[in-house]
Amino acid sequence: MKTKAAVAFEPNKPLEIVELDLAAPRKGEVLVEIVASGVCHTDAYTLDGRNPGGYFPVVLGHEGAGIVREVGGNVHGLKPGDHVIPLYTPECRECDLCLHPKTNLCSALLETQARGVMPDQTSRFSYEGRPVYHYMGCSTFSNFTVVPEIALAKIRKDAPLDKVCYIGCGATTGIGAVIFTMKVEAGASVAVWGLGGIGLNVIQGAKMAGAGRIIGVDINPAKADLATQFGMTDFVNPRDVDDVAGHLREMTGGGLDYTFECIGNVDAMRQAMDACHIGWGESCVIGVDGNEFTGHPYHLLYGRTWKGTMFGGARGRTDVPKIVDWYMDGKIDIDELITRTLPLEKINTAFDLMHQGDGIRSVITY
Ligand code: APR
Ligand code: ZN
């Protein structure tokens with residue numbers, strides 16, 4: 001079949017809207033009509049050529065929601081008409097990682113997904129007879145895409161797809177980091193570096209967990225209002241204080257129970273560790289920075305812990321439908337974080353606005 005898609009033919013060039021050929025889903029695969037897709041920093045990271053594992057030409061996009069239109073052989077859990085969210089972190093429920101209680105990672109698609117192909121080592125997309133790569137196993141910047149069944153979360157049909165697509169990456173990453181990875185307890189103190197889309201979701205996750213104090217740290221004071229609406233109790237601008245970590249330790253009588261780095265800046269990662277309470281403070285890295293970060297052995301010897309999170313520690317097929325319920329029950333807010341909805345033809349505008357830091361999230365609809 002044919003599908004309309006935004007294709008990245010080479011790094012650092014605008015995406016081109018073209019008609020691609022899309023082969024039918026094979027064994028274990030599903031054809032999904034994408035209804036909406038968020039545009040995320042990770043897509044830009046790859047488009048900018050900074051992702052060493054980036055292949056071109058490629059259909060980017062990994063934060064989508066859509067409807068199953070056809071299933072390949074040996075697909076038993078999904079049927080045409082089901083509503084789904086593609087998962088860049090699949091859940092096969094059979095591999096060593098899936099069967100281990102301590103991780104949400106899955107090894108089933110790691111190798112092929114990283115090379116931009118389906119599990120049988122080939123691509124379903126092609127343009128003028130030449131293959132076009134898949135991206136993060138999702139390729140949601142195409143009106144139709146093929147995804148393995150184990151990388152699709154089936155969700156309720158009354159959830160608006162142009163909103164819950166955000167659960168395919170940003171919302172789950174931030175909220176999940178609090179609930180699944182760090183397991184923040186009621187009453188705990190939390191500090192969050194970076195009040196963008198990820199940081200705001202960490203804040204609403206912390207509020208949902210019943211955290212006591214929730215301190216936001218951002219160099220842009222304009223971010224404070226929305227963060228306060230989401231549950232932030234105190235705001236610190238690093239430009240107003242000499243020693244951010246020292247200031248936070250003073251504010252909290254010795255340091256934070258939990259800190260989250262949501263910028264992608266190694267200096268902020270160090271501050272977030274320095275601000276943890278001796279004996280039990282735990283820091284979680286969420287942002288991606290190409291540089292190495294530093295710490296001191298004493299940070300750990302004195303009982304602090306450094307962690308990281310992928311997809312918020314969520315097991316996609318199990319947890320994503322629950323997070324959709326949280327949204328439908330009003331426990332979490334997504335509408336406020338979706339700044340604008342644009343047609344596919346305007347997708348390059350969505351990237352420009354993200355680079356300018358204009359708004360929280362742009363969603364593309366077909
Ligand atoms: N100190 C404090 N805040 C900072 C700093 C800094 N040195 N540098 C930037 N910020 C703030 C910005 O003002 C902005 O509010 O961090 C926030 C980042 O928000 P977004 O750009 O919206 O990024 P977001 O989508 O939340 O993603 C954060 O996570 O996905 C990963 O690595 C990826 O860079 C991305 C990060
Ligand atoms: Zn993402």
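Everything numeric in this text was worked out from a predicted model, so none of it was measured. Start at 1 and go down the list; that is how both ligands and their atoms are numbered.
- Checked for salt-bridge contact, D82 and K154 meet the test: a charged N lies under 4.0 Å from a carboxylate O.
- Listed by number with element, the atoms of ligand 1 under 4.0 Å from a non-hydrogen atom of V288 are 32 (O), 33 (C).
- Each of I198, T181, T42 was evaluated against T173; a single residue qualifies, I198, per the side-chain contact (heavy atoms from CB on, under 4.5 Å) test.
- Those atoms of ligand 1 with a heavy atom of H41 less than 4.0 angstrom away are 20 (P), 21 (O), 22 (O), 23 (O), 24 (P), 25 (O), 27 (O).
- Counting heavy atoms closer than 4.0 Å to ligand 1, residue D267 contributes nothing at all.
- Close contacts between ligand 1 and N265 involve ligand atoms 7 (N) [criterion: under 4.0 Å to a heavy atom].
- Here W280 sits alone; no ILVMFWY side chain lies under 4.5 Å from its own, so it joins no hydrophobic cluster.
- Considering only non-hydrogen atoms, atom 5 (C) of ligand 1 lies nearest to I219 out of I219, N201, V244, L195.
- Atoms of ligand 1 found under 4.0 Å from any heavy atom of K223 (numbered from 1 in listed order, with element): 15 (O).
- Using a 4.0 Å cut-off between charged side-chain N and carboxylate O, E19 and K4 make no salt bridge.
- With salt bridges taken as basic N to acidic carboxylate O contacts below 4.0 Å, none links R270 and D267.
- Judged by distance alone, the side chains of Q204 and N201 do bring a donor and an acceptor atom under 3.5 Å apart.
- The side chain to side chain donor-acceptor pair (under 3.5 Å) check on T89 picks up nothing, with sequence neighbours excluded.
- The shortest N or O to N or O distance between I286 and ligand 1 is not under 3.5 Å.
- Comparing D289, I198, T42, I360 by heavy-atom distance to atom 27 (O) of ligand 1, the nearest is I198.
- The option with the heavy atom closest to atom 12 (C) of ligand 1, from among L200, N220, D218, is D218.
- Across all non-hydrogen atoms, the minimal contact from P131 to P57 is O-CG, 3.9 Å.
- In A268, neither the side chain nor the backbone holds a heavy atom less than 4.0 Å from any atom of ligand 1.
- Checking only distances, G194 never comes within under 3.5 Å of ligand 1, N or O to N or O.
- The shortest N or O to N or O distance between P238 and ligand 1 is not below 3.5 Å.
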